[in-house]
S.K.: 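I have a structure here, written as structure tokens, and I will follow up with some questions on it.
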Amino acid sequence: MTTPDGSGRGSGAHGLAGRPPSASGRTGTRLYWVPAAASPSTAAAPAMPSAPVVPTGGFDVEAVRREFPQLHREVNGHPLVWLDNGATTLKPRQVVEAVGEHYATSTSNVHRGAHTLARQATRIYEEGRAEAAELLGTPDPDEVVFVRGTTEAVNLVAQSWGRANLGVGDEILVSAAEHHSNLVPWQLIAKEKRARVVPVPLLPDGQLDQDAYRDLLSHRTKLVALTHASNVLGTVPPVAEMTALAHRYGARVLVDGAQAVSHFPVDVKALDADFYAFSGHKVFAPTGIGVLYGKRDLLEAMPPWQGGGNMIDSVSFDETTYAPVPHRLEAGTGHIAGVAGLRAALRYLSGLDRQAATAHEEQLTAYATAALATVPGLRLIGDAPGKIGVLTFLLAGVDPMAVAAQLDQQGIAVRAGHHCAQPALAAYGLQSAVRASLALYNTVQDVDSLVGALQGVQATTAA
Ligand code: PMP
């Protein structure tokens, strides 16, 4: 399912109609707005749905779970309940086998051998690139650059495109919801080029303030750095609309898809994103492999950012010329086993009914939101319409790390801390919170386990 905003999610959810019109608490152009009275801890708790929300539309979550070996282990004497998908996803059997096979029987380097195994590894490597292109909705696999992950993708664009295109007084708009990996690389290059990083503020429910965004855009804007799904608030901004606005000023847009690709179909062409980044490990593939998508003309105009093998055409002491994209931006031996695993993960994903998987996650998110609201003293952070299944919360009187530790004793894995998004938490006056994050293999029972365990969490230090 591809929608006009390219998110593959229901239309209207990310538009502006639902935002509070005048409650933004403006102070200059910074509109950080902290929710007050309406937090779930003080509001009347919605009743837990009386009947479990059973996934519909042909999505067989039990069949999916059978493919993920780690879901069938115990931790601390309890069946594992994996609710740390925002940090990393579990791997299906197909991925484990693909990586194992590469190392057990099919090890070879790529692109440079004249033997059978080199050809085989090269075929798998380039099929992995084609799978990534298909996942993102580009017909051109050369627009896919292999990197270590989202972090490296953003650093590549900052160091290559940024160094070539940013100058004194230029502005980089960065949403306040960004992960540090889509903020710090811009701060580094901005410092070097004497450009400015300007935050796009949040509304109380976790949406980006579109009025402020429009006000901030100008001909000084050279780049907009934008998440496709926030890892701490779950917000899915209206990326297509925001990109179209940025393009009116000639600015480029880099979209961080780290939390998006596993949750809903993505179409970079419909988004008209200039750059799009994701990490394999957040979409059921191995760690250490990720993708930078870039429009071909942009990639071709970008200077190499790392030099070495694979990225050259010819080398001499007098003159070195470079290979065409994407290889020009891929110096050195890549993560070949990682690409084999990524290829397997994306094939696995495309074999699922993505629309049904997204619907399953949306229903589970709604269920979990209502269920968490029944826990006394629980305050949920971020309730933007259409958010993904990222449930960040505080429990009154309990330190977030203590909440996570007590859940861990019952085999429930969540994350606690700043989630590498300190500005987003700071917008709510927070430094730390607990995060339960859902994936397509999670169930109503997982949510019930979490809620049941939270009811019994013992007070420790004040949160
Ligand atoms: N962006 C977002 C939204 C993320 O959630 C993460 C990982 N938590 C990253 C970027 C960074 O990904 P990686 O560490 O795989 O480079």
Side-chain angles (χ1 to χ4, degrees), residues 7 82-91 95 132 135-136 145-159 174-188 199-200 202 206 208 224-237 239 242 253-264 266 271 273 275-293 334-335 338-339 341-342 345 361 381-382 384 387-392 404 413-425 427 432-439:
S7 72
W82 185 258
L83 295 173
D84 198 15
N85 296 288
T88 200
T89 53
L90 304 182
K91 316 307 170 200
V95 170
L135 177 86
L136 295 177
V145 181
F146 285 131
V147 287
R148 273 194 301 129
T150 308
T151 304
E152 190 170 71
V154 179
N155 278 280
L156 191 168
V157 177
Q159 294 298 319
V174 178
S175 102
E178 294 314 301
H179 189 279
H180 298 162
S181 65
N182 202 18
L183 166 56
V184 181
W186 299 116
Q187 290 175 322
L188 289 170
V200 179
L202 288 161
L208 296 179
V224 176
L226 190 57
T227 187
H228 203 183
S230 156
N231 69 310
V232 69
L233 302 167
T235 308
V236 180
V239 169
M242 293 179 76
V253 179
L254 183 146
V255 182
D256 171 356
Q259 295 292 340
V261 287
S262 74
H263 295 294
F264 51 84
V266 169
L271 293 173
F275 300 105
Y276 194 100
F278 75 88
S279 302
H281 71 99
K282 300 207 199 258
V283 61
F284 317 117
T287 49
I289 185 67
V291 160
L292 170 68
Y293 157 84
H335 185 4
V339 175
L342 180 69
E361 284 192 51
I381 313 297
K387 64 177 274 190
I388 58 164
V390 166
L391 301 142
T392 296
V414 297
R415 187 164 173 199
H418 56 57
H419 309 292
C420 301
Q422 289 183 4
L425 281 181
S432 174
V434 187
R435 180 186 70 188
S437 46
L438 305 173

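These values consider heavy atoms only, across backbone and side chains, with no hydrogens, waters or symmetry-generated copies. What you are looking at is a predicted structure, and each value in this text was computed from that prediction instead of being measured. Atoms within a ligand are numbered from 1 in the order they appear, just like the ligands themselves.
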S.K.: Taking atom OH of Y276 and atom CG of L136, what is their separation to the nearest 0.5 Å?
M.R.: 7.0 Å
S.K.: Run the side chain to side chain contact (heavy atoms under 4.5 Å, CB included) test against A439 and tell me which residues pass, sequence neighbours left out.
M.R.: N85, Y441, N442
S.K.: Just to verify, what does H335 make a side chain to side chain contact (heavy atoms under 4.5 Å, CB included) with, not counting sequence neighbours?
M.R.: Y103, I289, A337
S.K.: Using the test side chain to side chain contact (heavy atoms under 4.5 Å, CB included), find all partners of T88 that sit at least two apart in sequence or belong to another chain.
M.R.: W82, K91, H281
S.K.: Passes side-chain contact (heavy atoms from CB on, under 4.5 Å), L135 versus V261? Steps please.
M.R.: CA-CA 8 Å; L135 177 86; V261 287; 4.0 Å; yes
S.K.: Return a table of N or O atom pairs, ligand 1 on one side and protein on the other, at distances under 3.5 Å, rounded to 0.1 Å.
M.R.:
{"unit_1": "ligand 1", "atom_1": "1 (N)", "unit_2": "D256", "atom_2": "OD1", "d": "3.3"}
{"unit_1": "ligand 1", "atom_1": "1 (N)", "unit_2": "D256", "atom_2": "OD2", "d": "2.5"}
{"unit_1": "ligand 1", "atom_1": "5 (O)", "unit_2": "Q259", "atom_2": "NE2", "d": "2.6"}
{"unit_1": "ligand 1", "atom_1": "8 (N)", "unit_2": "H179", "atom_2": "NE2", "d": "3.3"}
{"unit_1": "ligand 1", "atom_1": "8 (N)", "unit_2": "K282", "atom_2": "NZ", "d": "2.6"}
{"unit_1": "ligand 1", "atom_1": "12 (O)", "unit_2": "S279", "atom_2": "OG", "d": "3.4"}
{"unit_1": "ligand 1", "atom_1": "15 (O)", "unit_2": "S279", "atom_2": "OG", "d": "2.7"}
{"unit_1": "ligand 1", "atom_1": "15 (O)", "unit_2": "H281", "atom_2": "NE2", "d": "2.7"}
{"unit_1": "ligand 1", "atom_1": "16 (O)", "unit_2": "T150", "atom_2": "N", "d": "3.4"}
{"unit_1": "ligand 1", "atom_1": "16 (O)", "unit_2": "T151", "atom_2": "N", "d": "2.9"}
{"unit_1": "ligand 1", "atom_1": "16 (O)", "unit_2": "T151", "atom_2": "OG1", "d": "2.6"}

S.K.: Kindly assign one of parallel, tilted or perpendicular to the pair H418 and H180, based on the angle between their ring planes and the thresholds 30° and 60°.
M.R.: tilted
